[in-house]
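A short write-up of the structure that comes next.
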Amino acid sequence: MFRLKRQFVVAAGVAGVAAFAPFVLGGYDLNLLARFLALSLLALGIVLTWGHGGILSLGQGVFFGLGGYALAMHMKLTPLAPGEVPDFMMLGGLEALPAWWVPFGNPGFALLAVVLVPGIVAALFAWSVFGRRVGGTYFALITQALALAFATLLVSAQETTGGFNGLTDFQVVLGLDLNGAEAGRTLYWVTLLVLALGWAGVAALLASRFGTMLRAVRDGENRVRFLGHDAAAYKIIAFAVAAMLAGAAGALFTLHAGVISPAMVGVVPSIEMVIWVAIGGRTSLAGAIAGTLAVNFARDAISSAFPDLRPYALGLLFILVVTLLPGGLAELLAARFRKVAR
Amino acid sequence: MELLLGQVFNGFSVASLYLLAALGLALSFGLMRVINMAHGEMLMIGGYLAYLTLQVVPGPWRLVAALPVAFVGAALFGALIHVVLIRRLSARPLDTLLATWGLSLILQQGARSLFGAIGVEVTAPAWLDGGISVLGIELPAVRLFIIGVAIAVLAGLALLLSRTRIGLLVRAVNQDRMMAAATGIDAGRVDLVVFALGTGIAGLAGVMLALLGPVTPTVGQSYIVPAFLVVVMGGLGSIRGTVAAAVILGLVGSLAQISVDASVAQVLMLVFVILFIQIRPEGVVANKSRALDV
């Protein structure tokens with residue numbers, strides 16, 4: 001089912017071509033592409049959990065946000081002299097840095113936190129739910145509540161999280177001047193590299209024994225249990241890996257967008273993340289990336305031209321794809337290819 | 001002490017809203033294993049129908065006229081959703097979630113186009129002004145009315161399920177769909193009736209929300225996520241479980257607000273549900289069955 005070597009070759013080829021984008025695209029388009037490539041990294045995680053694990057999470061925005069905020073906190077701290085606090089804290093009347101902000105001043109800690117905090121939170125969360133054999137629809141509803149709770153909490157803790165406006169106005173990241181001429185290109189290449197590595201990693205995971213077991217859990221969880229396997233463990237690991245990908249995606253997105261705010265992590269954005277993958281094809285990694293890029297570029301075009309139409313278009317897309325084309329675009333293409341081959 | 005009593009009353013008041021919002025979800029979930037993510041928009045439709053009724057009907061008792069209008073309107077809408085969307089997806093619960101969420105987006109934007117984003121006001125009638133003073137705390141009449149409606153709906157539903165022929169069919173399909181179908185019950189029609197009934201109750205909940213604040217395109221959203229948690233906690237489609245879960249979550253939410261603010265209370269509610277799952281993963285009222293996948 002998964003010809004791994006071919007996937008690697010295709011991934012490397014596409015990434016190689018995409019690497020030339022900075023020489024072709026203008027600054028704005030390149031920035032958009034880079035943002036959407038970062039989002040694609042998160043979509044890979046949804047393929048892993050939803051497509052191959054049968055776990056529908058409506059709360060991926062939480063892990064995206066955890067990664068994004070972890071890096072954003074570091075970037076807010078970098079330009080400060082010792083004893084100073086970020087601008088929004090000063091407005092909030094805070095004199096000293098809260099204790100949980102302090103370690104993010106260290107670049108190594110912040111980079112680790114980008115993937116580890118979402119990973120650990122997701123693992124604990126999934127363990128507490130899947131461990132009790134609660135899953136399916138229940139899990140989807142609980143993850144949605146998680147997304148709502150996370151977003152409200154961020155808004156309400158204004159003095160320490162920047163509240164509704166989130167964290168913005170970054171100057172420098174790990175020695176790279178974000179306002180410099182080369183920043184856009186460099187960050188684009190970094191994003192592309194991370195995405196290619198993520199693609200290869202998830203592809204290898206899906207082709208491994210773990211991937212086979214995950215699909216077995218999806219298709220017959222009780223049978224897997226009766227054969228003596230710990231079905232919950234596979235789901236927990238898949239969910240944690242997806243959360244780490246989402247965290248990395250959040251950090252990269254924050255770099256490109258120059259802001260991370262509760263509006264990007266709540267209920268609505270979280271569920272929109274699922275539609276990217278639904279359209280591309282829930283079991284296909286390439287499909288998920290293509291779906292993410294297509295939906296987001298279309299959304300960008302529609303939003304600027306007809307802002308009122310966006311919810312209608314998105315809603316209709318959701319209904320039509322899910323009811324009529326559950327395999328997404330990938331399935332459509334695969335059927336084409338089979339026909340040609342015959 | 002008065003603060004505590006006041007919050008307990010608030011808890012019951014919020015619980016009755018959670019209950020009205022969650023009953024329909026729980027009924028359809030028990031029967032069909034699907035969750036309608038556009039259920040919050042059924043509340044919204046009920047609210048707008050109440051607004052429209054109050055525009056047309058004169059007199060102090062026009063709110064009473066708004067109740068059946070909202071119920072029937074939302075129920076018809078629900079029937080349409082069931083026929084067009086839910087029935088086609090019945091074997092795929094997670095896909096139903098996504099498709100009905102798409103529908104919820106469209107309905108919200110539709111309301112925005114029709115009524116504007118700001119929202120419309122429904123003024124509570126004069127006979128709901130004021131309140132009663134009990135044990136030194138002031139109980140607003142509107143809140144008491146909402147609790148009363150919730151109890152009435154619950155009683156009506158209990159009678160319907162236990163005393164009528166429709167109720168008998170619903171219970172039969174609920175217990176064993178295949179067996180019920182084999183005895184000649186049209187399970188698809190039972191599904192349709194229950195789904196419409198559930199959305200109708202949500203329409204009533206919408207009227208209640210309209211009494212408390214302006215009706216906006218997203219008015220259903222603020223109550224629907226707690227209602228989902230009520231369904232998770234209640235146990236598979238059990239009415240008693242849903243009532244218990246609604247009361248518990250309502251109380252947890254409002255008692256938490258004694259010491260923390262509303263947003264933290266929301267987080268605590270979620271934490272509470274996750275902790276509750278650790279003790280009783282099958283919900284407040286467990287479905288006694290030897291089947292593997294109940």
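So you know, we letter chains A, B, ... as the sequences are listed, proteins then strands, and number each from 1.
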Heavy-atom check, side chain of [X] versus side chain of [Y], under 4.5 Å:
X	Y	value
A:Y138	B:F228	no
A:F318	B:S104	no
A:P326	B:R92	yes
B:M37	A:I271	yes

* **Check against side-chain contact (heavy atoms from CB on, under 4.5 Å), A:E272 and B:L105** => CA-CA 11 Å; A:E272 276 183 24; B:L105 267 187; 5.6 Å; no

* Where A:Y312 and B:S113 come nearest, the two heavy atoms and their spacing -> OH-OG, 3.0 Å

Which portion of [X] sits near chain B, non-hydrogen atoms under 4.5 angstrom:
X	result
A:V268	both
A:L146	both
A:I275	neither
A:F150	neither

Under a 4.5 Å heavy-atom cut-off, does chain A meet the side chain of [X], its backbone, both or neither?
X	result
B:L94	both
B:L98	both
B:L103	both
B:V225	side chain

So which of [options] has the biggest tally of heavy-atom pairs under 4.5 Å with chain B?
options	answer
A:A140, A:G131, A:S156	A:S156
A:T137, A:V155, A:L309	A:T137
A:L320, A:V321, A:L56, A:L153	A:L56

* Structure fact -> Here the gap from A:L316 atom CG to B:I106 atom CD1, rounded to the nearest 0.5 Å, amounts to 5.0 Å

* **Spacing of A:R132 atom CZ and B:E282 atom CD [to the nearest 0.5 Å]** => 8.0 Å

* B:L114, CG atom: more than 12 neighbouring heavy atoms under 6.0 Å -> yes

* **Atom CZ of A:F164 with >12 non-hydrogen neighbours under 6.0 angstrom** => no

* Asked: What are the residues of residues 262-281 of chain B, in order of number, with any heavy atom under 4.5 angstrom from a heavy atom of chain A?
  -> B:S263, B:V264, B:Q266, B:V267, B:L270, B:I274, B:I277, B:Q278, B:I279, B:P281

